[in-house]
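See structure below.
Chain identifiers are assigned alphabetically (A, B, ...) following the order of the sequence lines, protein sequences preceding nucleic acid strands; residue numbering begins at 1 within each chain. All values below come from the heavy atoms of this structure, side chains included, with hydrogens, waters and symmetry mates left out.
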Amino acid sequence: MPNVNLSNHLIQTHLLISSWSYNRKKESLSPDLTVADGRLVTVPPPSSQLDTRDKLWRLHSALLQCRSLLERAITKEEEELGGAEKGDYQSQRKTVRDRLSLLLANTGELLKATDGTAVLTPSLEGLEIDGPTILFEVKLWIYRIFKELDYWTKTAITTLQGLPSVTAKERGRTTAVRRRRSTRR
Amino acid sequence: CIMCIYITLNYLFLTVCLCVHVFFFFSVPTVPQQVSLSPNLETQQLTLSWLGGESTTFDIMILRTELNETVFYETVSVTADKISGQHQWNWTSVEPLECTSLSVQIRSRDGQTTSDWSDTHILPGMDLPSNKDSQMFPQDRVVSVGTNTTFCCIVEEGLGFGSIRYRDLVMNVTRLSRRSYAMTQINQGPSGVTGTNVFCSSDEKTLLNGAVVFVGYPPLPSDLVCETHDLVSAVCQWNRGRDTHLYGKKRKTYYTLNGRYFTHTHTHTFMNQKWSACSLAQWDGNFTLVARNLLGQYSLTDSSELSLRVRPVAPANLTSVVRAWNATLLWQWKHRGYDSLALICQVELTSHWHTTTRTFSGVGLRSVIVLDLRPDEDYSIKVRCGVQQNFWNWGDWSGPLAFRTSIDIPDAPDVWMWIERDNTGRLMWKPLTHRESHGQITGYEVTLWSPDENIQHTETLPQSICTVPINLTHISTTGSSSNKVIATVIAKNAAGVSPPASIVMPLRWTDPPAVSRTAYMDGGFPLSWQSDANASCGYVVEWHDASCQQDCAVEWIKVAAENTNISAQSENFQPGVRYTLSLYSCSSEVPQLLQRWEGYMEELVPSSSVPHLSSNQQDSNIKLSWGEIPLVSRRGFLLGYHIYLNNGSQLMLLANVSDPTSRSYTVKGLPVGSYKFTVKAYTSAGEDTGATVSISLESYNNILFSIVARVKKAFYPDIPEPKLAGDWSRTQGPLDVKPSPHSMVHIVEEPEWDSSKEALVVIPEEDEDEDETGDEPVDTDEPTSLRYYNQVIDDRPIRPRFPDSSASSASSLDSARTDVTYTGIQTSGNSLGYRPQMQPGSLSQDMASFGGYQPQCSWHLDSPVEAEESGGLAPSLGSPTSVASTQFLLPDSGSKEQPEGKGQGSSSATTWFHNLLSSAKP
């Protein structure tokens, strides 16, 4: 049974959202300035025609890209902009990475649960994984990665909440297992 | 030139002259040729080179191409390169060269003569229409703190410019071209870790682009010191100095030591300074450190012989062999070279948060014996070493080693004794502290031995006991001819028994010597005495609460024989408690009580007032009497008593009775009237709250007269009842009369006697205040209302007024039991403050309520108990004896202020009269 704890995901989402706002504050980017969106994650467009598995795959793929981008961003940030003592930002960034990995594991388990087969790793081809070289653009790139994380964790909540049949099915399965266990006793 | 050639052909001589002349007056500098521009974008430097013939002076003009604004226009001197013949000149732009296109023209100058301008050469900017995107310059620039940097923003084609912000500060901008805008930040402060951001936004507040600038310092390390730990290699460390504010792999500081580049240095913080360290495999003797970053470099050197820089490593693998009073500490060295190294080592010993350091030395030192430990104690120990010769620095501390010492037999207990007046005694000893126990105490063994009889009695006691009662009377009556008994106490633990602690106890109480006083100071009672020749083993100073009667908490201290003064100190001393301190001599015999003191740690005001305060009229005087304040309530040495006249709102000091043993005071010379007196005892800390008593001072003639009237009433009760004159039928209730606050004494005039049944009766304060019980009324500063009741007097023929049974009355009754014995003196039945004056002809009713003074009845005082036990129903009197007007009269102390008589129910005049007499019992 995949451990899909929606409240936990809500906390994660909150953390992810606060990460980019923290990042924005840290870089003294004035709140009245608008930063144009720049999509970094590439997935098929959403459609009402997508079935549960496709929705999950789309989500999983996007989160996987997010993690790759985040890993690269952390490395790049450390190389180009790090070097001093680790502070709140670094620890929060690590927490975000850990929570994202957990979310990925959950969606992966759900994907497996929908058709019982192993999860195919979505291709990261075409993903601008290296990032820019100019430091202002690096910062903007990292900021956009956090924005993508925000978007996709929110999408994860919407998607997971829209899977009642899966969770109900899983719940039913769990109940049945429990019944069997209690019968054995 | 044409002219010159012409002249040459016709007039050869002149030709030359003219030609030269024309050349000097009409030659023009060469127009610079082959102008080229070479920009350095990083340094914002533009290198101009051209061919300019013989000229060495040139006018240079640089314009912003688009707006045709002059950026630079000056005359400069430039010499040609001797080989290439080229002129070269550098110009540094305030703005980055990418910001906008620049047009450059040069002309040669010769004094006031100039050549034509060269062709315009343009350095294209990044704001050309072909570059449509928004851009910002410079990017990722690293500059020193305090410098100025100019940034430009090229707005995306088709968008409007909004602002440039340095961090979040909107800056003033200069327009450089159609799409390019610039601003300058002067005197820049150091950046944060990720640099300082500059943002360019559109007129719709959309972020267009930005740049990061890193503002910092060049490195400035200090304090390079190299040393060796293993006697071979070098470890060098240095203070990194100020924060450069430059981070990231491109901007951080890199160090080389003797040319070796260190990618990673060991860094630590000490005294708020960051230190770095790195190692070299061999000791070079001379060391050079170079620190570099993008803003500059700094070098440090150090040089020394190896032998002068030996700092041993931390001792490793500490172990211990533990005993009760010492321990052997062993450790190992990592390096063999230490075997022959003369070392000096510090051992730091910590026990109960107390740390001591011991120093040891030796060649290749690797074990020490740590002495003077205490048994059954936890210790933490660590070691560090340095070299004995050419000491350079202490090495690092070893890791701590914890151990607990073994147990040992306990110390002998500190024993003392206590003899009561009834010849019972107690043997006491101080519980052994952890430091004295040397292991968990399992119990005590007490032995009593009578030396003459050689009888011994031993008792084993648990460790929780530290005092045992001893019946000395029993011992003395069991046939012992001795007047002493030797008591011995030993303490036991798992290691064995302590040495015995003995004391010789007397079998009888001895009277103490005279007591002197001692004043507490500097945290104790200072005591000094004459040296006593018998005090072979010193003295014992003992103290306890002086008011304690039984099982008193006794403390003592033993003093060496050579000392004749101490300060008796105890954390148990309390303010307001009298302590008795006794000095005993110590010898092989019974301790002798040599001297005794009393003292207070701090004197307080007495906690209770004088007990049994009473007042009696003697002739026209008033005698106040009181009892002794109990010792526990005195809380200081009593210095005397203050006698006050109390008018309810104010106290007027009448007298200061400075003899604390006094128990009475007579107030003289007061006019007839009602009075209240307050008596306050005082110590050095001040007065107590005071006890108050009231009295009505009668005219001496009235007293005599009333006595006659009472006797008459008692034996001839059928006097016709007087009639009411006027309307006295008002409702019963209080009439509040506020005394004048200005009058010190409120004297109530006696009204004319009215034959009405109603009479005004003063309500004593004690009756009004139900909370005020006991014999110590509390003074208040509030003016007291005198409250009168126009009550209807009981119309029974005789109504003696005795205290009732209420609590306040009981206390009044109690206070009436003064220790005053006057044989043949008549007491008054009631000393009420005031009552209406009686008409001579109709005394009957008032006799009942007054009862103030009676004739002396000395014969009846022989049976006071009987009178008291009869509850007022005393046996009938015989024939009254003479009632003389010269009779000595006293107010009845038993009634104090109580308006109602105890024997109110009695209707017998005889009984009442008898009661009055019996109340004057001794």
Interface moiety of B/Lys252 toward chain A, non-hydrogen atoms closer than 4.5 Å: neither
Modelled atom types, side-chain donor and acceptor of B/Ser276 and B/Arg240, under 3.5 Å: yes
Evaluation steps, side chain to side chain donor-acceptor pair (under 3.5 Å), between B/Thr149 and B/Gln188: CA-CA 8 Å; B/Thr149 305; B/Gln188 293 172 102; 2.6 Å; yes
Residue, of B/Asp168, B/Thr194, B/Thr196, B/Leu246, that accumulates the most heavy atom pairs under 4.5 Å with chain A: B/Thr194
Residues A/Lys112, A/Glu109: salt bridge by 4.0 Å N-O rule: yes
Where B/Ala291 and B/Pro219 come nearest, the two heavy atoms and their spacing: O-CG, 3.5 Å
Lys/Arg N to Asp/Glu carboxylate O, A/Asp98 vs A/Lys94, below 4.0 Å: yes
Pair B/Tyr247 + B/Phe214: ring centers closer than 6.0 Å: no
Enclosure of B/Tyr298 OH (heavy-atom neighbours >12, cutoff 6.0 Å): no
Which atom of B/Glu95 lies closest to which atom of B/Ala182, heavy atoms considered: CG-CB, 4.2 Å
Disulfide bond (SG atoms under 2.5 Å apart) contacts touching residues 141-187 of chain B (sequence neighbours left out): B/Cys99-B/Cys152, B/Cys153-B/Cys200
Single hit among A/Arg67, A/Arg39, A/Lys154 for salt bridge (charged side-chain N to carboxylate O under 4.0 Å, His left out) with A/Glu148: A/Arg39
Chain A-proximal positions within residues 203-212 of chain B [heavy-atom distance under 4.5 Å]: B/Lys205, B/Thr206, B/Leu207, B/Asn209, B/Gly210, B/Ala211, B/Val212
Segment of B/Arg165 engaging chain A (4.5 angstrom heavy-atom cut-off): side chain
Atom group of A/Leu140 that falls short of 4.5 Å from chain B, counting heavy atoms: side chain
Chain A-proximal positions within residues 154-162 of chain B [heavy-atom distance under 4.5 Å]: none
Residues from residues 132-148 of chain B approaching chain A under 4.5 Å (heavy atoms): B/Gln139, B/Asp140
